[in-house]
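Here is the naming used below: chain letters follow the sequence lines, and residue numbers restart at 1 for every chain.
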There are 2 protein chains.
Amino acid sequence: MMPFEGDRLTRSMRARNVDVVLATSRHNVRYLTGGYYLSFYARASRFGAGQYLSVVGIPAERPASAFYVGRQDAILNEQDYIEAFGPLWITDRHWIQRGPSMSAAAAEAAAQVLRRQGLAGSTVGIESSFLPADAFDALRRALPEASFADATPILADLRAVKRPDELERLRQVHQMTAEAIRAVLAEGRPEETTRQIAARAQRRIEERGASFLYAFTNVGPGFLRAPSSERWGRGRSMHLDVGAELEEYIADVARMGSIGAPPALAADLFTACLDAQKQVRGAIGAGLPCRDLWRIGTEAVTAGRWGPYGRFLAHGLGMVSHEPPEVTRDSGRSLEASMVVSIETEYLHPDAGHVKLEDTVVVTPTGHEGLGDVARE
Amino acid sequence: MMPFEGDRLTRSMRARNVDVVLATSRHNVRYLTGGYYLSFYARASRFGAGQYLSVVGIPAERPASAFYVGRQDAILNEQDYIEAFGPLWITDRHWIQRGPSMSAAAAEAAAQVLRRQGLAGSTVGIESSFLPADAFDALRRALPEASFADATPILADLRAVKRPDELERLRQVHQMTAEAIRAVLAEGRPEETTRQIAARAQRRIEERGASFLYAFTNVGPGFLRAPSSERWGRGRSMHLDVGAELEEYIADVARMGSIGAPPALAADLFTACLDAQKQVRGAIGAGLPCRDLWRIGTEAVTAGRWGPYGRFLAHGLGMVSHEPPEVTRDSGRSLEASMVVSIETEYLHPDAGHVKLEDTVVVTPTGHEGLGDVARE
């Protein structure tokens with residue numbers, strides 16, 4: 001069964017004058033197939049003289065005519081992987097052999113399908129930041145009468161409202177990440193470097209079954225966020241901002257910790273973070289214009305004694321960080337139920353360092369549900 | 001200090017008529033910088049409406065005029081990351097801001113440097129399978145008088161002979177992987193699915209400090225290698241072929257196991273694998289033509305009773321799997337000391353399944369050194 005709303009996709013394609021979408025990024029291939037990506041290349045696509053590329057093609061009005069291009073040869077039988085994965089709703093499948101340019105070969109195979117479907121002269125939507133140059137050249141050579149447009153916003157908008165199973169993955173990965181951060185902060189020893197702390201964050205994420213993405217580690221005072229030979233110690237607060245991934249869904253969580261009692265200034269700034277989060281969460285619900293969310297958050301953070309040091313940021317989160325909904329001064333859209341928003345409240349004070357709280361919420365018809373609301377205080 | 005031989009790179013560029021190389025893949029950026037890649041994006045480059053792209057540019061004859069393009073803004077101070085990483089030999093650094101198209105912006109910044117260096121009309125070597133389409137378009141727009149050529153083979157050849165620190169990384173990751181496979185096979189329980197076995201391989205790799213890439217799991221009879229709901233049981237042999245990564249260096253190791261005594265046929269085929277490996281290893285040393293290595297391996301595997309089921313494959317291994325040296329019937333090159341070759345001997349017999357042994361060796365002046373030679377029997 002198609003794991004997205006075909007009508008919603010068609011409307012978005014028509015609004016941008018795109019006749020057929022070719023998805024080539026790992027995240028959009030997974031999204032459109034319903035979770036499938038050839039596991040051999042999922043964690044490293046480089047191989048031989050190029051990289052693996054698979055393609056999901058979906059024509060407007062006829063999403064059921066979608067096709068898939070993958071790899072098939074003596075070494076790697078992708079049909080077996082698809083069988084092991086479970087049923088794939090796309091039944092029109094095409095296979096390229098291993099060779100010096102797998103990415104160009106996949107694009108050529110996709111171009112042939114478009115020609116057979118009568119779409120050789122159409123406007124083809126590509127992921128322009130996720131289509132390799134050799135694949136794009138192969139498409140242009142094979143379809144000289146086609147036009148090309150960037151389909152990135154079409155696919156990002158399609159993903160903005162999450163399905164229940166997507167929300168469940170996001171719940172899981174945020175819970176794992178918040179618990180991993182709690183464990184890392186609780187284990188903190190004086191004189192440990194922030195590089196060692198980041199390495200522990202990776203282990204604590206991985207042992208919970210998620211993939212580690214990154215860690216920002218700021219020990220105040222000063223704003224250095226890169227894991228380094230800087231040492232955490234008594235009377236210094238630390239922010240640990242960690243990214244993790246579970247089956248393509250991203251968690252983005254920041255927490256504060258200190259060894260012994262936190263410095264008074266850091267404690268004050270953290271209280272301001274919590275207060276601002278509370279105000280923002282109180283306003284969230286389906287129908288709230290995103291520009292109002294931006295205004296409420298910005299006012300909450302910049303009001304009061306520490307305002308001049310404050311910063312507010314909110315962004316959509318799912319398979320991609322900073323995906324729709326966009327939350328800026330000028331956003332035209334409103335929140336919808338089952339959108340997911342990460343809320344960052346932070347103060348950068350030269351004496352205390354970078355004090356930050358970041359959490360993610362699901363928009364509900366009447367309010368919000370917090371994801372991974374563990375150890376916020 | 002430059003972590004590669006500038007003269008070797010220049011010769012290779014001149015042989016292919018390339019005036020300047022622009023590296024954009026994570027592995028080649030790491031190779032040319034000496035190990036650096038912005039850690040925030042190293043495990044997931046997707047962000048917002050595009051993906052992160054950094055560029056290392058190196059002109060022929062003047063490798064010391066190399067430049068770096070990275071990202072810099074209020075959220076992410078890449079200069080801090082480079083400081084935390086240690087000294088970076090490339091001092092000509094350029095920064096792009098976060099924006100809707102980070103990859104195109106990085107390419108535009110690189111084009112400006114090329115113009116200032118007098119290379120606007122030159123032949124620019126790109127990684128055509130690792131340069132995003134929007135970045136390539138930005139380069140072509142900014143440098144209409146330039147020509148473009150694929151620099152993938154130039155960079156792959158540069159990496160073929162490994163430095164001592166690279167060999168040490170490859171030793172470590174092969175040892176970790178071989179030990180992880182041994183642990184997974186030793187823990188094998190009847191009725192476990194190959195999907196569960198692959199998940200255990202991931203945990204055993206990660207707890208040793210490497211990154212898991214993939215697992216092939218074949219339980220004979222039959223040739224299915226995808227992790228699935230197939231179950232391993234008494235009297236059935238299994239091959240476990242695992243990929244792992246440590247600081248960009250890849251291990252590729254396959255071992256056989258069985259619960260209880262292996263089936264007699266599988267044991268026979270495995271003895272044939274071992275014998276063929278022994279013959280191939282006995283021939284390896286600096287100066288051996290790669291085509292001779294291919295012939296010796298192919299003859300060793302296809303001779304004898306099980307020959308019709310045999311298959312031989314050897315390939316270079318380092319930051320990329322199946323990198324130079326190329327080992328085929330027609331290879332023109334010879335092995336050099338400090339090249340690294342992965343040797344695969346396997347038999348696909350319908351009654352026994354896919355029986356395989358894969359190991360990696362470093363070529364030495366007089367022979368070879370095995371990497372991760374653990375639990376081969």
Atom pair OG/CZ of A:S45 and B:R26 - distance to nearest 0.5 Å: 9.0 Å
Top contributor to chain B interface from A:M102, A:E127, A:E326, A:R311 [non-hydrogen pairs under 4.5 Å]: A:R311
Ring geometry between B:Y81 and A:F216 (parallel below 30°, tilted from 30 to 60°, perpendicular above 60°): perpendicular
Chain A contact via B:E245 - side chain, backbone, both or neither, heavy atoms under 4.5 Å: side chain
Exercise: identify the closest heavy-atom pair between A:A84 and B:S228: CB-CB, 3.7 Å
Exercise: identify the closest heavy-atom pair between B:A44 and A:L213: CB-CD2, 3.8 Å
Contacting region of B:H27 [heavy-atom separation from chain A under 4.5 Å]: side chain
Shortest non-hydrogen contact between A:P132 and B:S129, atoms and distance: CB-O, 3.4 Å
Least distance between heavy atoms, B:G50 atom then A:F130 atom: O-CZ, 3.4 Å
Contacting region of B:R203 [heavy-atom separation from chain A under 4.5 Å]: neither
Heavy-atom closest pair, residues B:S39 and A:Y214: O-CB, 4.2 Å
Straight-line distance of B:F223 CZ to A:N77 CG, nearest 0.5 Å: 11.5 Å
A:R46/B:E323 ion pair, N-O < 4.0 Å: no
From CD1 (A:I250) to CZ (B:F47), nearest 0.5 Å: 9.5 Å
